[in-house]
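Below is one structure, written out as structure tokens, with a few remarks after it.
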Amino acid sequence: MRRCLRKPFRRVALGLLALSIFAADLPFSLVTGEGTRHPLPAAMPGGIAVFDADNDGLLDLYFPNGAPLPAGLKTSPAHSNRFFHNDGNLRFTDRTAAAGLAGSGYDLAATAGDYDRDGLTDLLVSGLRGVTLYRNLGQGRFADVTSQAGLDNQSRWSVGAAWLDYDRDGHLDLFLVNYVQWNPATERTCVVDGRPDFCHPRFYPAQPNALFRNNGQGRYVDVSKASGIATHPGKGMAAAVADFNADGYPDIFVSNDRVFNFLFQNTGKGAFEEVAFDRGVAAPASGDPPSAMGVDAADYDNDGRPDLIYTALRDETFPLYRNQGADFQDAAVPSKMGVLTRPMNGWGIVFADLDNDGWKDVAVARGDVLSSRGARGEKVREPLSWFRNLGNKQFALGGNFAAPPAQYRGLIAADLNNDGCLDLVATALSQPARVIAGNCPAAHNWLKVDVPDAGARVDVGSQSRHLSSTQGYASSCQCPLHFGLGLATAVDVRVTWPSGRVREWKAVKPNQTLVVPR
């Protein structure tokens with residue numbers, strides 16, 4: 001089955017700010033499992049994984065899907081997770097059955113990474129009652145190797161994951177973001193404005209996240225307790241991985257739903273210290289932990305340090321933290337993000353230079369957490385929005401994308417047709433997944449840097465990024481790092497591996513992909 005994006009692609013002249021020219025629906029609709037009742041998981045699905053499954057140079061799409069609740073088991077082809085092969089020119093073919101990626105349970109998130117270092121990107125799917133690891137066998141086929149790999153999330157509800165090499169041994173370890181304890185037998189009825197709706201997270205016990213170490217032989221060892229991760233139960237919604245304190249080891253930020261966030265700082269000795277309060281990211285300056293949702297980490301002000309942003313709900317704003325080295329500054333007010341986002345509900349969020357001007361913008365998947373069948377059902381749908389980075393540590397509302405309002409959840413920015421403009425992929429509850437074609441200024445140059453090793457830092461001119469496939473809410477992009485260059489006609493590139501190894505390229509020409517060998 002094929003659905004093509006048929007309208008002609010064009011690029012706008014410099015100075016116009018319309019960043020999308022059309023959106024098209026894929027033949028896949030996100031199943032929530034919501035019926036006459038409102039079980040909490042039904043508000044939460046919608047992750048995306050973007051990765052090149054067959055190494056043909058084009059990024060493919062994978063969407064985890066829900067199932068009927070409370071059983072949480074797929075009983076119809078409509079509940080299938082879906083894999084779409086990129087055929088080029090923004091055309092996609094459904095190859096789920098041939099790939100073996102349909103799944104069997106209620107799935108929410110997907111994270112791509114080459115865990116066995118064979119040059120093929122594998123897939124970790126997070127679900128309501130566990131996780132599934134699919135090994136890429138090549139030729140478009142995957143195999144469930146969860147048991148062989150020793151991965152056991154103890155039937156906990158996982159809403160995301162992150163591949164990282166926390167011990168710098170060259171093998172991808174795995175961090176699982178776990179949400180709350182949900183038991184359908186004890187699910188209460190909650191009321192909003194006189195009608196039943198989803199319950200507040202305060203009614204559900206917290207769960208610890210999990211960390212698994214890759215032993216380099218295809219198996220994982222649960223080091224959650226030994227590393228200190230398991231001693232901090234929370235209500236995790238998403239994770240961002242970067243070397244926030246510049247010591248050469250990857251750290252992990254976890255956004256928690258209505259409880260204080262975590263910042264797990266890597267000690268370099270196989271353990272983590274939770275330092276969110278010490279470094280100023282446990283909560284916004286108000287001290288009240290919001291409904292933290294999706295999160296992303298990137299250097300938005302080009303000062304060489306990775307910053308943090310996450311979404312929340314209406315009147316909570318989307319907190320932005322500027323990394324100052326020793327700690328973080330709550331930058332919501334000076335950046336204008338606070339006033340811009342106060343009336344919004346957000347889920348997926350990504351730092352992405354959508355206009356290729358050399359400054360990372362912010363794209364957000366918006367939608368209320370409340371049920372479309374509840375008392376506020378007519379107001380739960382919101383647009384996809386863009387916040388333009390003005391280059392002076394401030395943002396402006398750039399507008400909305402060419403897609404109708406919906407209860408959006410997952411969001412990824414990636415160059416799907418290799419034209420140098422970032423496109424968007426988004427999911428929405430009970431609606432088809434959408435591809436929104438990018439439309440960046442024709443005069444602005446760009447460079448993509450394809451690095452195979454998680455945790456590597458890439459500096460392109462004054463810009464920097466840490467390589468991590470995890471982005472936003474429940475989503476992942478195992479993609480070349482994208483840098484807008486504005487009017488620059490050459491740029492220096494520097495790649496620093498976690499081991500300390502460095503490689504440099506001088507005066508690299510723009511509008512190409514620089515492939516960095518392992």
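Remember, it's a predicted structure, so these values are computed and weren't measured experimentally. Quick note: numbers below take in every heavy atom, side chains included, and nothing from hydrogens, waters or symmetry partners. Start at 1 with the first residue, then count along the sequence.
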Original post:
For Gln478 and Ala112, which heavy atoms make the closest approach, and how far apart are they?
Top reply: OE1-O, 3.6 Å

**OP:** List for me each residue that meets side chain to side chain donor-acceptor pair (under 3.5 Å) alongside Asp193, sequence neighbours excluded, and say none if there are none.
**Re:** Arg376

**OP:** Output the distance between atom CG (Leu40) and atom NE2 (His200), rounded to the nearest 0.5 Å.
**Re:** 11.0 Å

Original post:
In Å, rounded to the nearest 0.5 Å, how long is the span from CZ of Arg135 to CG of Leu120?
Top reply: 8.0 Å

**OP:** For the residue pair Gln407 and Trp347, establish whether any side-chain heavy-atom pair is separated by less than 4.5 Å.
**Re:** no

Subject >> With His466 via side chain to side chain donor-acceptor pair (under 3.5 Å) - residues at least two apart >> reply: none

**OP:** Provide the full list of ring-ring contact (aromatic ring centres under 6.0 Å, His included) pairs with a residue in residues 23-43, sequence neighbours left out, each pair given once.
**Re:** Phe28-Phe63, His38-Phe198

Original post:
For the rings on Phe277 and Phe260, is their centre-to-centre separation under 6.0 Å?
Top reply: yes

Original post:
Can we call the ring centroids of Tyr62 and Phe84 under 6.0 Å apart?
Top reply: no

**OP:** Identify the heavy atoms of Ala363 and Leu424 that sit nearest to each other, and give their distance.
**Re:** CB-CD2, 4.4 Å

**OP:** State, without any angle test, whether Thr96 and Asp94 hold a side-chain donor-acceptor pair at a distance under 3.5 Å.
**Re:** yes

Could you pull out all donor-acceptor pairs under 3.5 Å where a side-chain atom in residues 126-134 meets a protein atom, sequence neighbours excluded?
| residue | atom | partner | partner atom | Å |
| --- | --- | --- | --- | --- |
| Ser126 | OG | Ser158 | OG | 3.2 |
| Arg129 | NH1 | Ala71 | O | 2.8 |
| Arg129 | NH2 | Pro70 | O | 3.0 |

**OP:** Nearest 0.5 Å please: distance from the CG atom of Asp415 over to the CG atom of Asp423.
**Re:** 5.5 Å

Original post:
Between CG of Asp307 and CZ of Phe244, what distance do you get to the nearest 0.5 Å?
Top reply: 9.0 Å

Subject >> Side-chain (Arg195) to main-chain (Arg373) donor-acceptor, under 3.5 angstrom >> reply: yes

**OP:** Can you sort out the partners of Tyr106 under side chain to side chain donor-acceptor pair (under 3.5 Å), two or more places apart, ordered by chain and number?
**Re:** none

Subject >> Side-chain donor/acceptor of Lys74 to backbone N/O of Ser80, under 3.5 Å >> reply: no

Original post:
After noting the C-alpha distance and the side-chain angles of Thr111 and Leu123, does the key distance pass the side-chain contact (heavy atoms from CB on, under 4.5 Å) rule?
Top reply: CA-CA 6 Å; Thr111 314; Leu123 199 60; over 6 Å; no

Subject >> Side-chain touch Phe272/Leu211, heavy atoms, less than 4.5 angstrom >> reply: yes

**OP:** Please work out whether the ring planes of Tyr300 and Phe395 are parallel, tilted or perpendicular, with thresholds of 30° and 60°.
**Re:** tilted

**OP:** Assess whether side-chain contact (heavy atoms from CB on, under 4.5 Å) is satisfied between Phe212 and Leu176, documenting all intermediate values.
**Re:** CA-CA 8 Å; Phe212 293 84; Leu176 299 181; 3.6 Å; yes

Original post:
For the side chain of Asn86 and the backbone of Phe92, is there at least one donor-acceptor N/O pair under 3.5 Å apart?
Top reply: no

Subject >> Atom pair OG1 (Thr231) and NZ (Lys225), whose distance is rounded to the nearest 0.5 Å >> reply: 11.0 Å

Original post:
Within the side chain of Asn214, is there an N or O that forms a donor-acceptor pair under 3.5 Å with the backbone of Tyr115?
Top reply: yes

Subject >> By side chain to side chain contact (heavy atoms under 4.5 Å, CB included) - contacts of Ala276 (at least two apart) >> reply: Leu263, Glu274, Val281, Ala282

